[in-house]
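In listed order, ligands and their atoms are each counted from 1.
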Amino acid sequence: MSDSAPTGGTGGIQRKLRQLAELPVAQLHQVGPKTERDLAELGIESVLDLVTHYPRRYIDGTRLESIADLAPGGKVSVLARVTRVSQSSSGYGRGRRRGPSRVEMEIEDESGRLRVVFFNQAWRAKQLPVGTVALFFGSLGTYRDAPQLNSPMAEVVELAGDESENGEGAESEGGERRGRVYPVYSLTDKAKLTSVRISRIIGEALDRAKDFADPVDRSWRDRFGLVDRTTAFNHIHRPATMDETEPARRRLAFDELFRLQLALVLRQARLQRDARGIPHVVDGPGGAGPGGDDEAPGLVQQFLDRLPFQLTAAQRGAMDAIRSDLAGSLPMHRLLQGDVGSGKTVVAVAAMLTATQGRHQAALMAPTEVLAEQHAEEVHRLLDGLTVPDPATLEGHRPLGVALLTNRSSAAERAVIHAGLADGTVDILIGTHALLTDQVSFSSLGVVVIDEQHRFGVEQRAALRAKGRGVDGTGRDPDLLVMTATPIPRTAAMVVFGDLDMTIIDELPPGRQPVVTRWLRTPLEAEEAWSRVRHEVAAGHRAFVVCPLVEGSDRVQATSVVAEAERLAGAELAGLKVGLLHGQLASAEKERVMADFRSGALEVLVATTVIEVGVDIPEASVMVIEDADRFGIAQLHQLRGRVGRGQEAAWCFLLSENEAPEPEARLSALEGTTDGFALAEVDLQLRGEGTILGARQKGRSDLRLARLIGDQDLVVRAREMAVSLVGEDPLLGAHELLVEELRIFIDDDEAEFLFKS
Ligand code: ADP
Ligand code: MG
């Protein structure tokens, strides 16, 4: 790198990220073998790793004060050397019952000395031995009339005894640094590095790199208000003032989001380029009605005509979008988002029937057995009596074939299903990930629906789709509909599901009343919940009681639910017919319990979260969730969605005595709204993006600076630019720099897939 300094002129040499990725840190003058090892501890091996090791935060050195000028009563920041350290446990008590530990120090700058005390931070004595130079930031109080800094933040600027190695004393450091902004970097205990040291090393890298090649050209930058990349790297690592840091962060965050969107949009384009889709017959001829005439409406139309309700506008909109996807020759990749109870199932069934009416098959995969069984039951009920044309039969048609396949299916059941799939008499296959096994092979898979996507990985989605091509690869690519009942904010969805088109059902069927939600904080208040349960049951309705999450195996959980059900049956729920549902029950037993609860033979169902997804009992009008603080927002919202599915008023009671800030925020949010999208925003704020991104983006493609909250505009812009570039230049032939960067940040398999010609 040192050999190729800019040659002057207007341009100079523009560093590419790939070059920096190939350059080991040891090439820097300041990095000897020891520092090289220390940097490796932080995961920094190349110069690219180094310059993308961004500051965690900054200390505004433009506000540094001299010790002599400090006035007690406010926040102060000083840069000073530790001159004395003592450690003690305060006097009272003996042995194990000793009081809090206390580390006391004296620190000094050129203007004076100051006492610093840390309570219960014994490790500070080790972190800040005599001779260390550090930035101290905290509130200045007084103790026995002398100023004293109480448990401040302390950031080591220079290690004790480090002067000789770096050839700079603390005073000169202080002098040089005053009036600047100090970046603070993540460090590990193992590595004997300080933020200042890292900052100097990065400084050398930036000095020698000088100009960065910028894949976002001037016109896009101007449009989006982004600084150029060279400025961004410099300002994020060595800002002159705090004002420079945010524009720099935004620019580099944009790059992260842009690379991600580019990969997603390319993936979409790639899939389409290779696709052998099925142009479905959307208004096709139906199963023969009783008369068997050709004029009979198609299967989808028959299905819709039989529904006992009017579709909502949002459902119609979703169906229109899906219908035009299905009619097209490119396979659909669509995400259907909709709140709990918004009626996604009928939309999905209509999509599956579209496949059926063109003599193709459909598959629906759900994340749990309970949900798969329930879907199967519901689909049976919705489609009961419908027939499909079949010239091989005497009547010229046969009943629509719906089958359920889970891990519980017996070998004999499987054999029947496999045969039906092969000869095409199973029209719709519903199941869990058991659908993915090799033995499951379709004669012509036309539509794939995946419910509750967040529980499946991208690979599983692809694996089910791939069944369309069949073992010999001669088949075609089915259309894919992914449904999720855990809404996520729109821009977050762009990040997570950016390779899918998106449809949102933003409307509940008419007449739904929002579930009245109450957080009850004491046993006395909880009486309101139990009396509501008795009242509702007396009125002929049903109630759920959700038991607390307990740590431990399924068996431990089951034991705890059994105990709680027994307790309740003898106390709060005495005299009511109480049933029990948990994951350890045998299938047949589960089915029996659900059937009894549906019929009213059981009035109250005490259950674990197995009821979280999909359980649909319109008569259920009240839910009590014990120890509600142990559940997350999304889970509580799902659980609550099990009641209020009919036209009548419904209640959800959250029992919890925990009023700590975090649970308080969660429970209050649920009390405050039944809008799943609004709750998703709150959840995102409370828990951060990690929960949404999860393990989906691994390794280098990690979003380091981009935030899902706050950078929504950047997500939208990154998407816009990615769509525009790929639209003009699907292989990015004219954007070599971008291709190169993507290859650095995405894994090899993905790159292979995206760029193979
Ligand atoms: P989701 O899967 O989105 O949570 P479902 O599809 O299970 O919602 O629908 C919830 C309930 O509402 C079901 O009982 C369904 O039959 C009913 N439903 C669906 N669409 C409508 C509608 N347009 N009007 C009235 N009820 C509807
Ligand atoms: Mg449903």
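The neighbour count for His535 NE2, taken as heavy atoms of other residues, nucleotides or ligands under 6.0 Å away, does not exceed 12.
Sorted by first and then second residue, the ring-ring contact (aromatic ring centres under 6.0 Å, His included) pairs with a member in residues 319-372 read His280-His360; sequence neighbours excluded.
Arg398 has a carboxylate O that lies under 4.0 Å from a charged side-chain N of Asp427, or vice versa, which qualifies the two as a salt bridge.
Asp339 counts as a contact of ligand 1, since one of its heavy atoms falls under 4.0 Å from the ligand. The closest approach between Arg512 and ligand 1 falls below 4.0 Å for a heavy atom of the residue. By the 4.0 Å heavy-atom criterion, Gly338 is excluded from the residues contacting ligand 1.
Taking distance alone, with nitrogen or oxygen atoms compared against 3.5 Å, Gly341 approaches ligand 1 more closely than that limit. Some N or O of Lys344 is nearer than 3.5 Å to an N or O of ligand 1, by distance alone. At least one N or O atom of Gly343 sits closer than 3.5 Å to an N or O atom of ligand 1.
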Could you go step by step and tell me if Arg323 and Thr354 meet the side chain to side chain donor-acceptor pair (under 3.5 Å) rule?
CA-CA 8 Å; Arg323 188 181 306 116; Thr354 309; over 6 Å; no

Arg640 vs Thr517, test: side chain to side chain donor-acceptor pair (under 3.5 Å). Steps then yes/no.
CA-CA 9 Å; Arg640 176 170 61 180; Thr517 305; 2.8 Å; yes

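Using a 4.0 Å cut-off between heavy atoms, Gln315 contacts ligand 1 through its side chain alone, with no backbone atom that close.
In terms of the side-chain contact (heavy atoms from CB on, under 4.5 Å) criterion, residue partners of Gln268 (sequence neighbours excluded) are, by chain and number, Asp501, Arg719.
With distances taken over non-hydrogen atoms, the option nearest atom 5 (P) of ligand 1 out of Leu311, Thr345, Thr312 is Thr345.
Near Gln310, meaning under 4.0 Å from any of its heavy atoms, are these atoms of ligand 1: 22 (C), 23 (N), 24 (N). Listed by number with element, the atoms of ligand 1 under 4.0 Å from a non-hydrogen atom of Val340 are 4 (O).
With no hydrogens or angles considered, a side-chain donor-acceptor pair links Arg334 and Thr503 at under 3.5 Å.
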